[in-house]
Amino acid sequence: MNFNSPSRVATAHAITDLLAAKGVDTRDELHAWLGHQDNRATLRAVKGVGPKSVDYIGNLVGRSHVAVDAHLRTFAADAGVSDLRYEQLQAAYEKAATLLGHERGGLEHAVWRFKAGRSTQHRTPSDRQCLR
């Protein structure tokens, strides 16, 4: 997050307040809490939190989600897959990960790093394997 943005700071505070009110204090508790769709919907109700944010937070606590962002959209468009809603593009990445025998979050991270312009020498072995 760009914490130089007042709106993002407000969003971070609102997320923190929500989790504290729900009794979510640890990484493991957040991991478990995010396993329930109603809790994910509650988090989405926070101003500034969309599906990508929820999926990204899940990845940070050990859940394996595809958090679709501009890099993943560009990668898909380069492959001829464009104009899909968030959920549709996420499902396409998840299916690709399954077909390739990769973990969802690992494929997402490899594509993100690739589109972010990291050179091959800075990619991890798992990044290179996912992109083959």
Looking only at non-hydrogen atoms, find the nearest pair between [X] and [Y] and report the distance.
X: Leu34; Y: Val54; result: CD2-CG1, 4.4 Å
X: Ser53; Y: Gly48; result: OG-O, 4.2 Å
X: Val68; Y: Arg73; result: CG1-CG, 3.9 Å
X: Ala67; Y: Lys52; result: CB-O, 3.8 Å
X: Leu89; Y: Ala76; result: CD1-CB, 3.6 Å
X: Leu60; Y: Arg27; result: O-NE, 4.4 Å

(request) Examine distances only and state if a side-chain atom of Glu108 and a backbone atom of Arg104 form a donor-acceptor pair shorter than 3.5 Å. (result)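 No, because the side chain of Glu108 does not come within donor-acceptor range (under 3.5 Å) of the backbone of Arg104.
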(message) So, taking the atom named CG in Leu18 and the one named CH2 in Trp33, what distance separates them when rounded to the nearest 0.5 Å?
(response)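 If I round to the nearest 0.5 Å, the distance is 4.5 Å.
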(message) Distance check, rounded to the nearest 0.5 Å: Gln90 atom CD versus Arg85 atom CZ?
(response)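 Between atom CD of Gln90 and atom CZ of Arg85 there are 11.5 Å.
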Measure the shortest side-chain to side-chain distance between [X] and [Y] over non-hydrogen atoms and say whether it is less than 4.5 angstrom.
X: Thr42; Y: Lys22; result: yes
X: Ile15; Y: Ile57; result: yes
X: Leu72; Y: Asp69; result: yes

(message) side-chain contact (heavy atoms from CB on, under 4.5 Å), that's the test. Do Asp78 and Lys115 meet it? Break it down for me.
(response) CA-CA 11 Å; Asp78 291 348; Lys115 290 309 288 184; 2.7 Å; yes
(request) Output yes when Arg40 and Asp55 qualify as a salt bridge under the 4.0 Å nitrogen-oxygen rule, no when they do not. (result)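 Yes, this pair counts.
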(request) Report the residue from Tyr93, Tyr56, Trp112, Tyr86 that forms a side chain to side chain contact (heavy atoms under 4.5 Å, CB included) with Val66. (result)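 Answer to the side chain to side chain contact (heavy atoms under 4.5 Å, CB included) test with Val66 among Tyr93, Tyr56, Trp112, Tyr86: Tyr93.
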(message) The test is side-chain contact (heavy atoms from CB on, under 4.5 Å); show your working for His13 and Val9 and say whether it passes.
(response) CA-CA 6 Å; His13 281 285; Val9 171; 3.5 Å; yes
(request) Count the heavy atoms of every other residue, nucleotide or ligand shown that sit under 6.0 Å from CG of Asp83, and state whether that count exceeds 12. (result)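 No, CG of Asp83 has 12 or fewer neighbouring heavy atoms, counting only those of other groups under 6.0 Å.
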